[in-house]
Q: 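One structure follows; several queries about it will come next.
Positions are given from 1, in the same order as the sequence printed here.
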Amino acid sequence: MERNRGAAWWALGLFLAAALYIAWNSAARFGDNIDEGIYLDGGLRLARGQMLYRDFFTYLAPGTFAALAALFRTFGESLAAARVPVTVDLALMTALVFVLVDRLATRRAAIGVAACYLIFQTFNPNFVVANHRWDSSALSLAAVTCAFLLLERASHWWAAGAGICAALAAWTTFSFALLCLVMAAWLLYDRGLRRYVVTYAAAAGVISAAFLSWLAWNHALLPMLQGILWSARNYSGPNRTVYGYVIGGYGDLFQRAGPIESALLSLMLLLVTLPATMPLICAAGWPLRLRAHPERRIVFLLISSAAILVSTWPRPDMTHLMYISALPYVLTTVLLARTLGRHGQAVVAALVLVSAACETGFSVYYRIKEPTLATRVGVLHGKPEHLAVLRTIQAQVSSNQTLFVFPYWPVFYFTTGARNPTRFSYLQPGMFPKQDEDEVLRALSAHPPHAVIYRPVAPASYLRIWPSSNPARLQMTEIEEFLHNRYRVAAREGKFQILRPAPLTPPLTP
C-alpha cells in the first residue's frame, strides 16, 4: 500500500513536470508541420457553428475536432489553446509509462524510462502539435492501464475506466476500435474478469451513444459514414508505406556525411528509430521469456500493443510508430530489466540517459534562441524563416476576407482567421479524386476568394512523403489553371506566394 501511494505521487509529479516542460517548449511554437492545420481549421469551423462531415469535409473521427472546438469557445482562438490536448497527452503518457514500469520492474527504471520517453518524444518540436494520433494514443494507453490495474485488483471502476477511455480513443481515431474489441475479448477470455465485461461494454456504449446522438442531432451521421467510405476508397493507396519508413528514405541522411558525421548519424538513428525497433525486440524477446516465466499481465500488454500497432495501417512509418510507442517503451524496458545483468543494464542506461540529456540541452538552447512574433492567435516563437512567412501572410490577409490555401498548409486558415469558400481544408494530390477537385473548382468559381496562399510543389516532393501515390494524379491542373488565369502574385516569402485577383500584380510564375 505504501509503495502504491508513493508511486501515485511520483506519477503526479512526472505529469506536472512534463506538462510544464511541453507548455514552455511547444505550446506557442509555430513550425512547418503540414498536418496540424487540418485539425486547427476543423476545430475552428466547428467552434464557429459549422458541423464536421455535413458542412466541411473530413474522413477522420470527430474526437479531436470536438475537443479543439470546445477549447476555442472557452479560451479563444489561440495556438496555446490548441496545444492543450497534446500537452496533456504527452504528460499523461509519461506518467502512465512510469506507472506500468514501476509495477513490472523497479522504480529507478520507471523514472528513467519515463523521462527518456518524454525527451525522445518531444525532441523534434515540429511533431508536438495538435493531432488526432496523439489524442487517441494517450486515451488508448489510459484504457490499457485501467485494464492492467483491473488484472491486479478487480474493480468495476477500473473496468468502467477502461471502457470509457477505449471508446474515446476509437472516436478520436477510428482504427482504435480494434483495441476496444481486443480488450473486450480479453475480459471474456479471462475467467477471473469475465463478470466485468458488462461494465466495460456499458461504459464504452455510453460514450459511443453520446457521439452518435450528437452526430445524428446535427444531421452529420450519414455524412460521417460517407467520409469513412471515402477513406476506404482513397486513403490506403497513396498513404501505404513499409514498416519504419522515413520521408525520403534513410539513404538521404548519409549522402553528404563524412566518416565522423556518419558515425554520429548512426548513433542518432539508433535512438530516433526506437519506435520501430522496440516492437521487433519485444516480438523476438518476450515469447522466449514467457515460455519459461508465464505472466498474464505481460501477455495482455503484448496483445494490446499489437492491436495498437495494427491501428497504424496502412502507414506504419516512423512518425505513426512514434505516436504509439509508449507500450513498446514499457515492454522493452521491462524485458531488458529482467534479462540483462547489472552491468548490461548500466551500459544501456548510461547510453540512453546521456543521449537524453544531450537532446534536452539542444532543445532548451534552440527554444531560448527562437525569436517571437505577435499574431492573431497569440505571441508565437519559431525559426526565423517560418515566422517570416507568417508575418508576410498576416500583413496580406485579414480575418474578414475569404482565403483559399492550395494545395496544403491549412494552418494558415487558422492563423489568419479568414473564411474558406470550399468544404476542403486541404487537397492532397494523389489522394483526392477528380470529383473533389471539380467540387472545389465550382466553389472557387462561384465565390472567388479575396486571397490565395499558393506553394508550388513538384511531384517528386509528394512522392517523398507519399511514395505509393499514383504519379499521374500528382497535379490538379484545372485548379492550377484557374489560379494562373484569375490571380496574380501580390507578395512572396520563402516558397509561398500570396495571390490577389488579376490584374493587380505581374502574372503568376510557377
Q: Check whether any side-chain heavy atom of Thr375 lies under 4.5 Å from a side-chain heavy atom of Thr415, and answer yes or no.
A: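 The answer is no, as the side chains (C-beta and beyond) never meet within the 4.5 Å cut-off.
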Q: With a 4.5 Å limit on heavy-atom distance, are the side chains of Leu353 and Cys116 in contact?
A: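 Leu353 vs Cys116: side chains touch.
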Q: Between Glu152 and Arg103, is there a side-chain N and carboxylate O pair less than 4.0 Å apart?
A: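 Between Arg103 and Glu152 there is a salt bridge, with a charged N closer than 4.0 Å to a carboxylate O.
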Q: Within the side chain of Ser208, is there an N or O that forms a donor-acceptor pair under 3.5 Å with the backbone of Gly205?
A: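 Here the side-chain-to-backbone pair does not exist.
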Q: Can you see which heavy atom on Leu178 is nearest to which on Ala307, and at what distance?
A: CD2-O, 3.7 Å
Q: Within the structure provided, determine whether Thr319 and Arg133 are in side-chain contact (heavy-atom separation under 4.5 Å).
A: no
Q: So, Trp134 side chain and Phe127 main chain: donor-acceptor pair closer than 3.5 Å or not?
A: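 Such a contact is found between Trp134 side chain and Phe127 backbone.
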Q: Find out whether Thr64 and Leu60 are in side-chain contact, i.e. whether some heavy atom of one side chain is under 4.5 Å from a heavy atom of the other.
A: no
Q: Which word best sums up how the rings of Tyr196 and His156 line up, parallel for under 30°, tilted for 30 to 60°, or perpendicular for over 60°?
A: tilted
Q: Any cation-pi pair here, Arg153 with Trp158, using under 6.0 Å and within 45°?
A: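 Ring-cation test returns no.
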Q: Could you go through Phe123 and Ser363, starting from their C-alpha distance and side-chain angles, then the distance that decides it, and tell me whether this counts as side-chain contact (heavy atoms from CB on, under 4.5 Å)?
A: CA-CA 6 Å; Phe123 176 65; Ser363 295; 3.5 Å; yes
Q: Does CZ belonging to Arg108 count more than 12 external heavy atoms closer than 6.0 Å?
A: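 Count not over threshold, so no.
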Q: Between Glu493 (side chain only) and Thr392 (backbone N and O only), is there a donor and an acceptor less than 3.5 Å apart?
A: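 Side chain of Glu493 to backbone of Thr392: no pair is present.
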Q: What is the minimum heavy-atom distance between Ala81 and Leu71, and which atoms define it?
A: O-CD1, 3.3 Å
Q: Kindly assign one of parallel, tilted or perpendicular to the pair Trp466 and Tyr408, based on the angle between their ring planes and the thresholds 30° and 60°.
A: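 Answer is parallel, since the angle falls under 30°.
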Q: Phe496 ring centre to Arg455 NZ or CZ under 6.0 Å, with the angle to the axis within 45°?
A: yes
Q: Check this for me: does any side-chain nitrogen of one of Arg48 and Glu77 sit under 4.0 Å from a carboxylate oxygen of the other?
A: yes
Q: Would Phe414 and Phe72 count as a close aromatic pair, with their ring centres under 6.0 Å?
A: yes
Q: Salt-bridge test for Arg338 and Glu295: reply yes if a basic N is under 4.0 Å from a carboxylate O, no otherwise.
A: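 Salt bridge present between Arg338 and Glu295.
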Q: Given side-chain contact (heavy atoms from CB on, under 4.5 Å), test Leu100 with Leu141 step by step and report yes or no.
A: CA-CA 10 Å; Leu100 293 173; Leu141 183 61; 4.1 Å; yes
Q: Determine whether Met431 and Ser469 make a side-chain contact, defined as any pair of heavy atoms from C-beta on separated by less than 4.5 Å.
A: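 No, every pair of side-chain atoms sits at 4.5 Å or beyond.
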Q: So which heavy atom on Ala130 is nearest to which on Leu68, and how close?
A: CB-CD1, 4.4 Å
Q: Set out, in order, the CA-CA distance, both residues' side-chain angles and the distance that settles side-chain contact (heavy atoms from CB on, under 4.5 Å) for Val113 and Val330, then state yes or no.
A: CA-CA 8 Å; Val113 72; Val330 171; over 6 Å; no
Q: Report the residue from Leu380, Val129, Asn126, Val128 that forms a side-chain contact (heavy atoms from CB on, under 4.5 Å) with Arg29.
A: Asn126
Q: Could you state the interatomic distance from OG1 (Thr94) to CG (Leu14), rounded to the nearest 0.5 Å?
A: 7.5 Å
Q: Using the ring-ring contact (aromatic ring centres under 6.0 Å, His included) definition, which of the options Phe176, Tyr39, Trp171 pairs with His132?
A: Tyr39
Q: Pro316 and Leu321: which non-hydrogen atoms are nearest, and at how many Å?
A: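 Closest approach of Pro316 to Leu321, heavy atoms only: O-CD1, 3.5 Å.
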Q: Using 0.5 Å steps for rounding, measure from the CZ atom of Phe120 to the OG1 atom of Thr360.
A: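 Rounded to the nearest 0.5 Å, the CZ-OG1 separation comes to 8.5 Å.
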Q: To the nearest 0.5 angstrom, please state how far the CH2 atom of Trp157 sits from the CG atom of Leu149.
A: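 It is 15.5 Å, given to the nearest 0.5 Å.
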Q: Please report the shortest heavy-atom distance between Thr172 and Gly63, naming the atom on each side.
A: OG1-CA, 4.0 Å
Q: With distance as the sole test, does Ser461 use its side chain to make a donor-acceptor pair with the main-chain N or O of Val457 at under 3.5 Å?
A: no
Q: Would Thr173 and Ser136 count as having a side-chain donor-acceptor pair, cut-off 3.5 Å?
A: yes
Q: Using the ring pair (Phe, Tyr, Trp, His ring centres under 6.0 Å) rule, collect all pairs that involve residues 291-311, keeping only residues at least two apart or in two chains.
A: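 Of all non-adjacent pairs touching residues 291-311, those that pass ring pair (Phe, Tyr, Trp, His ring centres under 6.0 Å) are Trp186-Phe300.
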Q: Determine, using ring centers only, whether His381 and Phe30 are less than 6.0 Å apart.
A: no
Q: Under 3.5 Å, is there a donor-acceptor pair linking the side chains of Asp35 and Asn131?
A: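 No donor-acceptor contact under 3.5 Å links the two side chains.
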Q: Quick one: pull up CG in Leu104 and CG in Leu335 and give me the separation to the nearest 0.5 Å.
A: 11.5 Å
Q: Could you tell me whether Tyr53 and Trp214 have their ring centroids closer than 6.0 angstrom?
A: no
Q: Is any side-chain heavy atom of Pro407 closer than 4.5 Å to a side-chain heavy atom of Tyr462?
A: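 When only atoms from C-beta onward are counted, Tyr462 and Pro407 do touch, with a gap below 4.5 Å.
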Q: Out of curiosity, Arg83 CZ to Ile22 CD1, how far, rounded to the nearest 0.5 Å?
A: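 So the gap between those two atoms works out to 12.0 Å.
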Q: Is it true that a side-chain atom of Ser140 and a backbone atom of Ser137 form a donor plus acceptor pair closer than 3.5 Å?
A: yes
Q: Tell me if a side-chain donor or acceptor on Ser305 pairs with a main-chain N or O of Leu302 at a distance below 3.5 Å.
A: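 No, Ser305 side chain to Leu302 backbone: no donor-acceptor pair under 3.5 Å.
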Q: Check whether Thr273 reaches the backbone of Ala276 with its side chain - one donor and one acceptor, N or O, closer than 3.5 Å.
A: no
Q: May I ask you to decide if Ala138's main-chain N or O and Asp89's side chain share a donor-acceptor pair within less than 3.5 Å?
A: no
Q: Quick check: closest heavy atoms across Ala28 and Leu79, and the distance to 0.1 Å?
A: C-CD2, 4.2 Å
Q: Any non-hydrogen side-chain atom of Met322 less than 4.5 Å from a side-chain atom of Gln121?
A: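 Counting from C-beta outward, Met322 and Gln121 do come under 4.5 Å.
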Q: Anything under 30° is parallel, anything over 60° is perpendicular, the rest tilted; go ahead and classify Trp24 against Tyr21.
A: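 Aromatic pair Trp24/Tyr21 classed tilted.
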Q: Do Tyr329 and Val101 have side-chain heavy atoms sitting under 4.5 Å apart?
A: no
Q: Is there a side-chain contact (heavy atoms from CB on, under 4.5 Å) between Asp190 and Arg296 once you walk through the steps?
A: CA-CA 10 Å; Asp190 193 315; Arg296 69 173 184 155; 2.3 Å; yes
Q: Has Trp286 got a side-chain atom pairing as donor or acceptor with Leu331's backbone, closer than 3.5 angstrom?
A: yes
Q: Rounded at 0.5 Å granularity, tell me how far CG in Asn25 sits from CD in Glu370.
A: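 So the CG of Asn25 and the CD of Glu370 are separated by 7.5 Å.
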